[in-house]
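Here the structure comes first, spelled out in structure tokens, and everything after it is commentary.
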Amino acid sequence: MKNQEITAIFFEIADILEMQNVQWKPRAYRKAAMAIESLSEPIEDVYKKGGKKALEAIPGVGENIAKKIEEIIKTGKLHYFEKLKKSMPIDVEALGAVPGLGPKKTVQLYKKLGIKNLDDLKKAALQHRIRHLPGFGEKTEEEILKGISLAKRAGERMLLGLALPVAKEVKSYLEKSKAVKAAEPAGSLRRRMETIGDIDILVASNKPKTVMDYFTAVPSVRKVLAKGSTKASVWVENNLQVDIRVIKPKQWGSALQYFTGSKQHSIELRKIALKKGLKLSEYGVFKGKRVIASKSEEDVYRALGLPYIEPELRENRGEIEAARHSKLPRLIGYDDIKGDFQMHTTYSDGNNGVEEMANAAKRLGYGFIAITDHVGALAIAHAMSKKTIERQFREIERIQKKFPRLRIFKGMEVDIKKNGQLNAASDVLRKADVVYGSIHHGFKGAERENSNRICKAFENKYIQILGHPTNRKINERNPIALNLDTVFEKAKQNNIALEINAMPNRLDLNDVNSKAAIETGCKLAIGTDAHSTEHLRYIELGIATARRAWAEKKNIINALPLKKLERFLQR
DNA sequence: GCCGTTTTCGGCCCGACTGTTTTCAGTCG
């Protein structure tokens with residue numbers, strides 16, 4: 001049982017309890033679930049090391065929840081949860097994924113119309129039976145119908161941020177085998193797409209059978225779907241499918257190219273090969289029957305008369321044309337980032353204090369961070385009052401002295417109101433080094449309205465960065481209607497950086513929009529939006545998105561030398 | 001169900017928005 005699976009159980013318990021109108025317990029279960037989710041080690045290890053006492057040391061986990069965790073670890077099941085599910089025999093997870101449907105409405109639909117799952121819900125909505133229920137209406141019914149497709153899409157493709165650690169774990173497991181010469185996740189994961197269908201892992205080995213047996217015995221395997229002599233498929237936790245393909249070491253380059261794709265990119269490469277009288281397959285570049293390249297990807301591209309193309313670019317979005325004319329970007333590297341622009345602490349809705357975040361940043365070798373707690377009207381997120389801000393800034397100044405090589409910017413994330421004003425007074429904004437403007441409510445506006453809202457905010461002289469610009473959440477919520485051309489142009493004029501929010505389910509701006517922003521001449525800022533020290537590692541996802549957007553160092557302000565960065569922040 | 005030198009019992013982040021209503025419940029963050 002992985003942390004995430006236990007987390008899912010507790011979230012579902014919370015939902016069911018809320019449907020039953022139970023007070024306070026839902027909050028307790030959610031709090032515990034979130035604490036477990038952001039643990040840095042497997043909860044089984046915590047339990048093994050310190051037993052139930054160690055579980056109770058996790059904030060939000062008390063005697064009762066610790067007992068339940070213990071039961072899950074020991075038996076793989078939770079009696080209480082099974083019983084609870086029987087009392088509410090509906091697909092809580094699926095229905096809850098429909099935007100606008102919470103526990104209360106879901107239970108209404110079940111009691112009045114017997115709706116148990118998405119199919120029931122769709123039928124009832126199409127037959128207009130929902131609009132007549134008390135508390136529901138025509139608009140709600142329409143929203144539900146629109147939301148069903150979004151809910152169905154969830155679960156089909158997994159977030160890159162969740163798949164990546166699983167893939168890395170399998171890779172390092174495979175590399176421990178003597179039969180494995182090399183192992184590398186390929187496919188959309190290697191291209192760092194924002195969502196992943198399944199994980200494809202390529203292995204170089206002269207002993208495929210040994211590798212097969214070894215692979216299907218990976219500890220996290222739940223079920224072996226197929227197992228042949230050079231190919232196998234398994235399910236690991238979270239119903240994630242992992243496919244493996246074993247090839248000979250000398251075919252490594254051509255096989256890696258083939259299995260990385262994208263399909264369209266590979267098709268274009270094969271066309272080039274044909275024109276040169278060559279043939280490209282996973283086994284190599286062939287001249288007649290003779291292999292002229294196969295050992296490394298560089299060899300393969302060179303044989304086709306092209307420079308090496310980074311995996312993140314292989315989407316047939318002009319990279320081959322650029323390669324031909326030596327116009328490929330010099331992509332920003334995963335080590336080029338000097339700091340992180342967005343993080344929260346216990347001053348608003350984060351889990352760690354300023355000093356803990358600074359220490360974590362120091363361990364990452366950062367030169368700067370910005371502490372950007374919530375300011376404004378976001379009550380749930382503990383938005384800070386003026387007094388609290390002053391207190392926090394004094395603390396940051398104090399802590400700054402302990403970190404001579406880490407610049408800690410005093411920042412804040414401020415609500416952009418519907419009228420485009422920042423939800424904080426000028427005398428507050430003036431004291432911050434970094435001011436984020438973000439939209440946190442009112443997502444339904446029309447394109448012109450939303451674009452005006454943001455452009456108006458850009459006129460405020462204190463804002464420097466627009467946070468999660470489109471407000472989309474992958475598999476959860478569509479982007480707000482925006483005229484991005486207008487927003488990007490205005491951002492450029494006012495010297496406002498646009499964020500690539502690196503949270504796994506946000507990645508906002510996404511790759512395509514970031515590329516457009518760069519082409520307009522905008523600067524981008526990568527922020528993890530970390531709510532705990534653990535989240536800082538998501539920076540990798542933000543950099544991946546930037547690379548997919550063809551970003552070079554000069555486009556990303558995280559890569560600026562500190563002096564230049566400070567000058568940029570002066571606007 | 002969790003938590004605590006304000007409390008071992010009685011609190012538990014709450015304001016904005018939406019769609020439903022005509023004063024409010026549910027949802028979202």
Side-chain angles (χ1 to χ4, degrees), chain A residues 9-11 13-36 52 55-69 78 80-81 84 95-109 130-144 146-147 150-151 344-351 373-385 388 413-419 421 423-424 438-445 449-450 453 467-468 471-473 476-478 480 501 503 505-506 508 529 531:
Chain A
I9 291 175
F10 286 162
F11 274 126
I13 289 176
D15 284 342
I16 297 175
L17 289 173
E18 196 153 2
M19 287 176 187
Q20 299 176 339
N21 246 326
V22 177
Q23 300 292 306
W24 305 118
K25 285 192 193 186
R27 176 176 297 177
Y29 276 104
R30 288 202 181 100
K31 202 169 166 227
M34 283 190 280
I36 295 164
K52 228 162 51 189
L55 295 177
E56 282 183 47
I58 300 168
V61 177
E63 203 187 341
N64 282 291
I65 290 186
K67 252 191 240 167
K68 292 190 170 73
I69 297 171
L78 183 60
Y80 172 70
F81 180 47
L84 212 51
L95 291 174
V98 178
L101 270 196
K104 294 285 159 60
K105 286 210 163 113
T106 306
V107 77
Q108 275 280 332
L109 290 169
I130 292 174
R131 58 176 67 179
H132 303 304
L133 293 180
F136 292 72
E138 228 171 288
K139 278 209 170 154
T140 313
E141 196 176 72
E142 279 168 29
E143 284 300 316
I144 285 174
K146 270 193 249 166
L150 207 61
H344 300 259
T345 71
T346 45
Y347 274 93
S348 64
D349 58 348
N351 287 330
D373 278 305
H374 289 284
V375 172
L378 211 60
I380 180 68
H382 288 277
M384 299 187 294
S385 66
T388 316
E413 185 184 14
V414 188
D415 254 355
I416 298 174
K417 295 199 279 193
K418 268 208 151 166
N419 61 8
Q421 285 177 343
N423 203 345
S438 306
I439 289 181
H440 287 113
H441 48 69
F443 301 140
K444 287 185 178 169
E449 193 183 327
N450 292 336
R453 179 180 182 183
H468 41 74
N471 271 78
R472 68 97 175 239
K473 283 193 170 178
E476 290 174 43
R477 183 171 69 203
N478 288 324
I480 61 173
N501 186 296
M503 271 283 161
N505 65 341
R506 285 199 188 260
D508 179 17
D529 206 351
H531 284 65

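Chain A is the first sequence line, chain B the second, and so forth, proteins listed ahead of strands; every chain is numbered from 1.
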- [ ] Verify the distance criterion only: is there a donor paired with an acceptor across the side chains of A/Asn501 and A/Asp508 at less than 3.5 Å?
- [x] no
- [ ] For A/Leu109 and B/dG26, give me the distance from atom CG to atom C1', rounded to whole Å.
- [x] 12 Å
Task: A/Arg30/A/Glu18 salt bridge by N-O under 4.0 Å criterion - done: yes
TODO: Would you mind classifying the nucleic acid contact of A/Pro103 as base, sugar-phosphate or nothing, using non-hydrogen atoms under 4.0 angstrom?
DONE: sugar-phosphate
Open item on the list: Strictly below 4.0 Å, N to O, side chains only: are A/Glu143 and A/Lys146 in salt-bridge contact?
Closed with: yes
Open item on the list: If I take atom CD1 in residue A/Ile144 and atom P in nucleotide B/dT27, what distance separates them, rounded to the nearest angstrom?
Closed with: 10 Å
TODO: Could you give the distance separating B/dG15 and B/dT5 at their P atoms, to the nearest angstrom?
DONE: 25 Å
Open item on the list: By the 4.0 Å heavy-atom rule, please label A/Lys67 as base, sugar-phosphate, or nothing.
Closed with: nothing
Task: B/dT18 to B/dT7 separation - P atoms, rounded to the nearest Å - done: 42 Å
Task: Whole angstrom value for the distance that separates C1' of B/dG1 from CG of A/Leu78 - done: 14 Å
Open item on the list: Check this one for me: any side-chain N or O of A/Lys418 less than 4.0 Å away from OP1 or OP2 of B/dT18?
Closed with: yes
TODO: Please check the phosphate of B/dC17 (OP1 and OP2 only) for any side-chain N or O of A/His441 closer than 4.0 Å.
DONE: yes
Task: Phosphate-side-chain proximity, A/Thr140 and B/dT18, N/O vs OP1/OP2 below 4.0 Å - done: no
Task: Residue A/Lys104, side-chain atoms from C-beta onward, closest of B/dC12, B/dG26, B/dG1 - done: B/dG26
- [ ] Decide yes or no for A/Phe443 and A/Asn450: does some side-chain heavy atom of the first lie under 4.5 Å from some side-chain heavy atom of the second?
- [x] no
- [ ] Return the nearest nucleotide to the side chain of A/Lys444; candidates are B/dG19, B/dT27, B/dC17.
- [x] B/dG19
Task: Touch class at under 4.0 angstrom, heavy-atom based, for A/Lys105 against every strand present - done: sugar-phosphate
TODO: Quick one: label A/Gln23 by what it contacts on the DNA or RNA (base, sugar-phosphate, nothing), any heavy atom closer than 4.0 Å.
DONE: nothing
- [ ] Provide the closest heavy-atom pair for A/Val61 versus A/Ala32 in the form atom of the first, atom of the second, distance.
- [x] CG2-CB, 4.2 Å
- [ ] Identify, between A/Leu101 and A/Gly445, the residue whose nearest nucleotide on DNA chain B lies closer to the 5' end.
- [x] A/Gly445
Open item on the list: Could you tell me how far B/dT21 sits from B/dC14 if I compare only their C1' atoms? Round to whole Å.
Closed with: 22 Å
- [ ] Using the C1' atom as the reference point in each nucleotide, state the distance between B/dT8 and B/dG1 in Å, no decimals.
- [x] 15 Å
- [ ] Let me know the distance between CD1 of A/Ile439 and P of B/dC28, rounded to the nearest Å.
- [x] 18 Å
Task: Inter-nucleotide P distance (B/dT23, B/dC13), Å rounded - done: 30 Å
Task: Nearest-angstrom distance from the residue atom NZ of A/Lys139 to C1' of B/dT27 - done: 16 Å
Open item on the list: Regarding A/Pro59, tell me which of base, sugar-phosphate or nothing describes its non-hydrogen contacts under 4.0 Å with the strands shown.
Closed with: sugar-phosphate
Task: Counter-base of B/dG4, judged by Watson-Crick or G-U geometry with both distances under 3.5 Å - done: B/dC9
Open item on the list: Please report the distance separating the P of B/dT22 from the corresponding atom of B/dC28, rounded so that it comes out in whole Å.
Closed with: 24 Å
- [ ] Compare side-chain N and O positions of A/Lys31 against OP1 and OP2 of B/dC3 and report whether any pair is under 4.0 Å apart.
- [x] no
Task: Greater than 12 external heavy atoms within 6.0 Å of A/Glu138's CD - done: no
- [ ] Measure the distance from CD1 on A/Ile36 to P on B/dC2 and round it to the nearest whole Å.
- [x] 11 Å
- [ ] For B/dC17 versus B/dC12, give the span between their P atoms, rounded off to a whole number of Å.
- [x] 24 Å
- [ ] Working to the nearest 0.5 Å, report the span between CG of A/Leu109 and CG of A/Leu101.
- [x] 6.0 Å
TODO: Starting from C1' on B/dG15, measure out to CG on A/Asp349 and report it in whole angstrom.
DONE: 14 Å
- [ ] Remember a base hit wins even if backbone is also touched, and classify A/Glu138 as base, sugar-phosphate or nothing at under 4.0 Å, heavy atoms.
- [x] sugar-phosphate
Task: Closest heavy-atom pair and its distance - A/Ala28, A/Ile65 - done: O-CD1, 4.1 Å
Open item on the list: Can you measure A/Leu55 atom CG to B/dG1 atom C1' for me and round it to whole angstrom units?
Closed with: 15 Å
TODO: Give the ring-plane orientation class for A/His440 versus A/His468, where under 30° counts as parallel, over 60° as perpendicular and anything between as tilted.
DONE: perpendicular
Strictly under 3.5 Å: I want the nitrogen or oxygen pairs between protein and nucleotides 4-11 of chain B, one per line.
none

